[in-house]
Amino acid sequence: MLIAVTRAVSPTLGNCELTHRARVPIDIAKAESEHAAYEETLRSLGVTVVRAPAEPTLPDAVFVEDAGLVLDEVAVITRSAAVSRRPETESLTQVLARYRPLVQIEAPATLDGGDVLLVGRTVYVGLASRTNREAIAQLETVLEEWDYEVQPVPVSGCLHLKSAVTQVGDNLLLLNDRFVRPDCFGPMQRVTVAPEEPDGANALWVNGAAVYPMHHP
């Protein structure tokens, strides 16, 4: 059974952390509708959706992937560089503990799950404002038991590695080569986003399908 852990949109989403973006008003009702459509899309692909407890006072809590990195063998509870986001891990830990043994990223390391791209047994970790080299060292120690290779990837121009590159097929990446160097990913095939759509590299590959936003035609 393939499980996706999600969380409700916080009514305080408009107070979210921002990097590389100007603050503009957020339509919470529209965000809730889009999130419900996202969950329904996952169900249509054969995924069981499990909702973590709502966190109405934590604006960014809907982005559950940042708080927990889930692999087949273990779940890694992260430690965000954004101090306001650290409380998100408490309730998510309770959910992930049902399915995986847990390990915790410890200070001075900082890690957001959005900076981690798993391709086979290679764990690409973005080095940007939210994730540091201490986190990469801790991941190497934790994951060596299961023969994962941890590869650091410099990121610039966007917040997270997976804003710059995601996997969309068995041997295929979608990436923005202005945010991340293509040669960091070895022999994998690559499709580069359209120059006028710099945010277009953020897709989700699940059960053989690529879930992709329609506003990047």
Practice task
Without swapping roles, check the side chain of Ser44 against the backbone of Thr41 for a donor-acceptor pair under 3.5 Å.
Solution key: yes

Practice task
Using the rule that two of Ile, Leu, Val, Met, Phe, Trp, Tyr join whenever any of their side-chain heavy atoms come within less than 4.5 Å, decide whether Trp146 and Val125 are in one cluster.
Solution key: yes

Problem - For Pro152 against Leu127, the heavy-atom pair lying closest together - result: CB-CD1, 3.9 Å

Practice task
Could you tell me whether the side chain of Arg190 and the main chain of Met188 form a donor-acceptor pair under 3.5 Å?
Solution key: yes

Problem - Donor-acceptor contact present, side-chain Arg23 to main-chain Cys16, <3.5 Å - result: yes

Practice task
Give the intermediate values and the outcome of side-chain contact (heavy atoms from CB on, under 4.5 Å) for residues Arg98 and Val50.
Solution key: CA-CA 11 Å; Arg98 304 174 198 164; Val50 174; 4.1 Å; yes

Practice task
Taking the side chain as every heavy atom from C-beta outward, state whether Lys30 and Glu32 have any pair of such atoms under 4.5 Å apart.
Solution key: no

Fill in the blank from the handout: The reported gap from CG in Asp60 to CG in Asp66 (rounded to nearest 0.5 angstrom) is 8.0 Å

Problem - Polar contact flag, side-chain donor to acceptor under 3.5 angstrom, Glu55-Ser10 - result: no

Problem - Intermediate values then yes/no, side-chain contact (heavy atoms from CB on, under 4.5 Å), Thr141 and Gln138 - result: CA-CA 5 Å; Thr141 300; Gln138 289 187 26; 5.7 Å; no

Fill in the blank from the handout: Closest non-hydrogen atoms of Ala97 and Leu102, given as atom of the first, atom of the second and distance, are CB-CD1, 3.8 Å

Fill in the blank from the handout: Residues joined to Met214 in its hydrophobic cluster, side chain to side chain under 4.5 Å directly or through other members, sorted by chain and number, are none

Practice task
Please report the closest heavy-atom contact between Val9 and His35, naming both atoms and the distance.
Solution key: CG2-CB, 3.8 Å

Exercise for the section: Could I get the full list of side chain to side chain contact (heavy atoms under 4.5 Å, CB included) partners for Asn15, not counting sequence neighbours? Expected result: Thr12, Pro59

Practice task
Indicate yes or no for a side-chain donor-acceptor contact from Thr166 to the backbone of Leu204 under 3.5 Å, with no hydrogens or angles considered.
Solution key: no

Exercise for the section: Just do the side-chain contact (heavy atoms from CB on, under 4.5 Å) check on Val5 and Val49 with the steps written out, would you? Expected result: CA-CA 6 Å; Val5 177; Val49 174; over 6 Å; no

Problem - Validation row: Val153, Leu117 side chains within 4.5 angstrom (heavy atoms) - result: no

Problem - Asp147/Arg121 ion pair, N-O < 4.0 Å - result: no

Handout entry: Minimum heavy-atom distance between Leu13 and Ala31, given as atom pair plus value
Key = CD2-CB, 4.1 Å

Practice task
May I ask whether Leu58 and Phe63 are part of the same hydrophobic cluster, defined by side-chain heavy atoms of I, L, V, M, F, W, Y residues being less than 4.5 angstrom apart, directly or through others?
Solution key: no

Practice task
Answer yes or no: is there a donor N or O on one side and an acceptor on the other, between the side chain of Thr93 and the main chain of Thr89, under 3.5 Å?
Solution key: yes

Check: residues 109-116 side-chain donor-acceptor pairs under 3.5 Å, at least two apart:
residue, atom, partner, partner atom, Å
Thr110, OG1, Arg130, O, 3.3
Thr110, OG1, Asn132, ND2, 3.3
Asp112, OD1, Ser80, OG, 3.0
Asp112, OD2, Arg130, NH1, 3.1
Asp112, OD2, His160, NE2, 2.9
Asp115, OD1, Leu161, N, 2.8
Asp115, OD2, Thr131, OG1, 2.6

Residues 172-180, side-chain donor-acceptor partners within the protein, below 3.5 Å, at least two apart:
residue, atom, partner, partner atom, Å
Asn176, OD1, Arg178, N, 2.8
Asn176, ND2, Pro198, O, 2.9
Arg178, NH2, Pro195, O, 3.0

Problem - Residue pairs fulfilling salt bridge (charged side-chain N to carboxylate O under 4.0 Å, His left out) with at least one residue in residues 195-217, sequence neighbours excluded - result: Arg21-Asp199

Handout entry: Side chain proximity check, Leu92 to Pro53, heavy atoms < 4.5 angstrom
Key = no

Problem - Donor-acceptor contact below 3.5 Å, side chain Arg100 vs main chain Asp72 - result: yes

Practice task
Search all heavy atoms of Val64 against all heavy atoms of Ala61 and return the closest pair with its distance.
Solution key: CG1-O, 3.6 Å

Exercise for the section: Give the intermediate values and the outcome of side-chain contact (heavy atoms from CB on, under 4.5 Å) for residues Ile105 and Leu69. Expected result: CA-CA 10 Å; Ile105 294 295; Leu69 167 62; over 6 Å; no

Completion exercise
So the salt bridge (charged side-chain N to carboxylate O under 4.0 Å, His left out) pairs with at least one residue in residues 148-175 (sequence neighbours excluded) are Glu65-Lys162

Fill in the blank from the handout: Of all heavy-atom pairs linking Pro213 and Asn202, the shortest is CD-O, 3.8 Å

Problem - Tyr212 (side chain) donor-acceptor with Val168 (main chain) under 3.5 angstrom - result: no

Handout entry: Side chains of Thr6 and Glu39, donor plus acceptor under 3.5 Å
Key = yes

Handout entry: NZ/NE/NH1/NH2 to OD/OE distance under 4.0 Å, Arg79 and Glu88
Key = no

Handout entry: Cluster check Val103, Val70: I/L/V/M/F/W/Y, side chain < 4.5 angstrom
Key = no

Handout entry: Cluster overlap Tyr124 with Trp205, hydrophobic side-chain contacts below 4.5 Å
Key = no

Completion exercise
Between the CD atom in Gln151 and the SG atom in Cys184, the distance rounded to the nearest 0.5 Å is 8.5 Å

Practice task
Check for a donor-acceptor pair, side chain of Thr122 on one end and backbone N or O of Leu118 on the other, with a separation under 3.5 Å.
Solution key: no

Problem - Shared hydrophobic cluster for Phe185 and Val119 (ILVMFWY, side-chain gaps under 4.5 Å) - result: yes

Problem - Glu73, CD atom: more than 12 neighbouring heavy atoms under 6.0 Å - result: yes

